[in-house]
A.B. asks: 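Below you will find the structure I want to go over with you.
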Amino acid sequence: MCPPEHFGVLYEINPWMHHRVPVDRERAHSQWEQLKRTLEQAGAQVEVQEPRPDLPDLVFTANAGIVNGSQFVPSRFRHPERQAEEPHDVAWFESHGFTVEHLPEHVHHEGAGDALPFGDVLLSGYRFRSDAASHAYLSRLTGAAVRSVELADDRLYHLDLTFCPLDERRAIVAPDGWDAYGRKVVEALVPEPLVLDLDETLAFCANSVVVGSTVVMARCPPAVGRRLEAWGFDVAVCDVGEFLKAGGACRCLTLALDVTVGPQGARSAGPGGRSADSSTPS
Ligand code: ARG
């Protein structure tokens, strides 16, 4: 996580952002601290990245890149406003012992905001921020099979606003965010989906952080809470209202570091061994 010292809505790159709406820095800070505490109480250990004055969206660490064991694939941000985050993120991961491997320069991909592991595959969104063409490169770099989902609603511009893996069989899903083919892809992938309606989706219910059996979310409509509790999850609600002004909620404010994507061990064969999909993307 990255503290919101310099957070603000200073430009508009998604439909939630209005630079005339002021952010209450103090409230943002206490909301962020409360989220961090909640994650820690649920059992997470939180690493903190240093904030930077010129990078107001750096708080949304989900977009730093994709973590795969000790490998880190940094994002290629679509908007120039966020592109300066990349070297800052790369420096953090390098200094923490990760091997950094880059996507080609001409493709856009916004990290864990648009790519979430489910079972053996990496589900990745495209259109508003990430390019469909990035998926083949991601597959090559990580060794994971990538399933692509086209995002259909610009308010739901990242996959993590529409999809949240809960365990090997279950995920929170928001079909309103996907085109017809994308819905079929997720239907075939997730045996037990918790399906959100549009109101629940726009309340950022899919943008949740799962720590063990705790689901941390911005708001929890009763119907969503009941379904999660019936599955044995505890729900912790964290008000992140200041961050919603920038179009991000709980999950966007975090990046999981203990993630391995693709079939277990696919990367342990060493260089040349991570070739689950070694075809050259066209
Ligand atoms: N203001 C940020 C942007 O538009 C919000 C990022 C939200 N992050 C996410 N993982 N959905 O880029």
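Whatever order the structure lists them in is the order used to number ligands and atoms, beginning at 1.
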A.B. asks: Is it true that Glu85 and Arg82 have a side-chain N and a carboxylate O under 4.0 angstrom from each other?
C.D. replies: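 A salt bridge is present here (some side-chain N lies under 4.0 Å from a carboxylate O).
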A.B. asks: With heavy-atom distances below 4.0 Å as the criterion, list the atoms of ligand 1 near Arg82.
C.D. replies: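 It comes down to these atoms of ligand 1: 2 (C), 3 (C), 6 (C), 12 (O).
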A.B. asks: Below 4.0 Å, non-hydrogen atoms only: which portion of Asn207 touches ligand 1? Side chain, backbone, both or neither.
C.D. replies: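 Answer for Asn207: neither.
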A.B. asks: Ligand 1 versus Met17, non-hydrogen atoms closer than 4.0 Å: side chain, backbone, both, neither?
C.D. replies: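 The side chain, only.
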A.B. asks: Does the distance from a Lys or Arg side-chain N to an Asp or Glu carboxylate O, for Arg78 and Asp131, drop under 4.0 Å?
C.D. replies: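 Looking at Asp131 together with Arg78, the answer is yes, because their closest N to O distance falls below 4.0 Å.
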A.B. asks: Report yes or no: does a heavy atom of Trp16 sit under 4.0 Å from some atom of ligand 1?
C.D. replies: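 No, Trp16 has no heavy atom closer than 4.0 Å to ligand 1.
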A.B. asks: Give the residue and atom name of whichever protein heavy atom lies nearest to atom 8 (N) of ligand 1, and the separation in Å to one decimal.
C.D. replies: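 The closest heavy atom on the protein side is Asn63 OD1, 2.9 Å.
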A.B. asks: Around atom CD of Glu192, are there more than 12 heavy atoms of other residues, nucleotides or ligands at under 6.0 Å?
C.D. replies: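 Yes - once you tally the heavy atoms of other residues, nucleotides and ligands closer than 6.0 Å, there are more than 12.
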A.B. asks: Specify the protein heavy atom at minimum distance from atom 10 (N) of ligand 1: its residue, its atom name, and the distance to 0.1 Å.
C.D. replies: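 Here the nearest protein heavy atom works out to Asp160 OD2, 2.7 Å.
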A.B. asks: Show which atoms of ligand 1 fall inside a sub-4.0 Å distance from at least one heavy-atom site of Ala246.
C.D. replies: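 In order of numbering, the contacting atoms are 1 (N), 2 (C), 5 (C).
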A.B. asks: Which ligand 1 atoms does Gly113 reach within 4.0 Å, using its non-hydrogen atoms?
C.D. replies: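 Ligand 1 atoms under the 4.0 Å threshold to Gly113: 10 (N).
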A.B. asks: Applying a strict 4.0 Å limit to heavy atoms, is Glu110 in contact with ligand 1?
C.D. replies: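 It does not; every heavy atom stays at 4.0 Å or beyond.
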A.B. asks: What do you reckon, is CD of Glu33 surrounded by more than 12 foreign heavy atoms closer than 6.0 Å?
C.D. replies: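 Counting other residues, nucleotides and ligands, CD of Glu33 exceeds 12 neighbours.
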A.B. asks: Quick test of your reading of the structure: of Phe204, Phe243, Phe7, Tyr157, whose heavy atom lies closest to atom 7 (C) of ligand 1?
C.D. replies: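 It is Tyr157 whose heavy atom sits nearest to atom 7 (C) of ligand 1.
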A.B. asks: Tell me whether Ser148 contacts the main-chain N or O of Ser124 through its side chain, where contact means a donor paired with an acceptor under 3.5 Å.
C.D. replies: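 Flag not set: sc Ser148 to bb Ser124 has no pair under 3.5 Å.
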A.B. asks: Backbone, side chain, both or neither: what part of Arg251 comes under 4.0 angstrom of ligand 1, heavy atoms only?
C.D. replies: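 Looking at Arg251 and ligand 1, no heavy atom falls under 4.0 Å.
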A.B. asks: Given Arg129, His158, Lys245, which one has a non-hydrogen atom that is nearest to atom 4 (O) of ligand 1?
C.D. replies: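 Result: the heavy atom closest to atom 4 (O) of ligand 1 is in Arg129.
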A.B. asks: If you count the non-hydrogen atoms of other residues, nucleotides and ligands that lie under 6.0 Å from CZ in Arg227, is the total more than 12?
C.D. replies: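 Yes - once you tally the heavy atoms of other residues, nucleotides and ligands closer than 6.0 Å, there are more than 12.
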A.B. asks: Is any side-chain N of the basic residue among Lys36 and Glu40 closer than 4.0 Å to the acidic one's carboxylate O?
C.D. replies: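 Salt bridge flag = yes for Glu40 with Lys36.
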A.B. asks: Does the Glu200 side chain pair with the main chain of Asp197, one donor and one acceptor, at a distance under 3.5 Å?
C.D. replies: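 Yes, because the side chain of Glu200 sits within donor-acceptor range (under 3.5 Å) of the backbone of Asp197.
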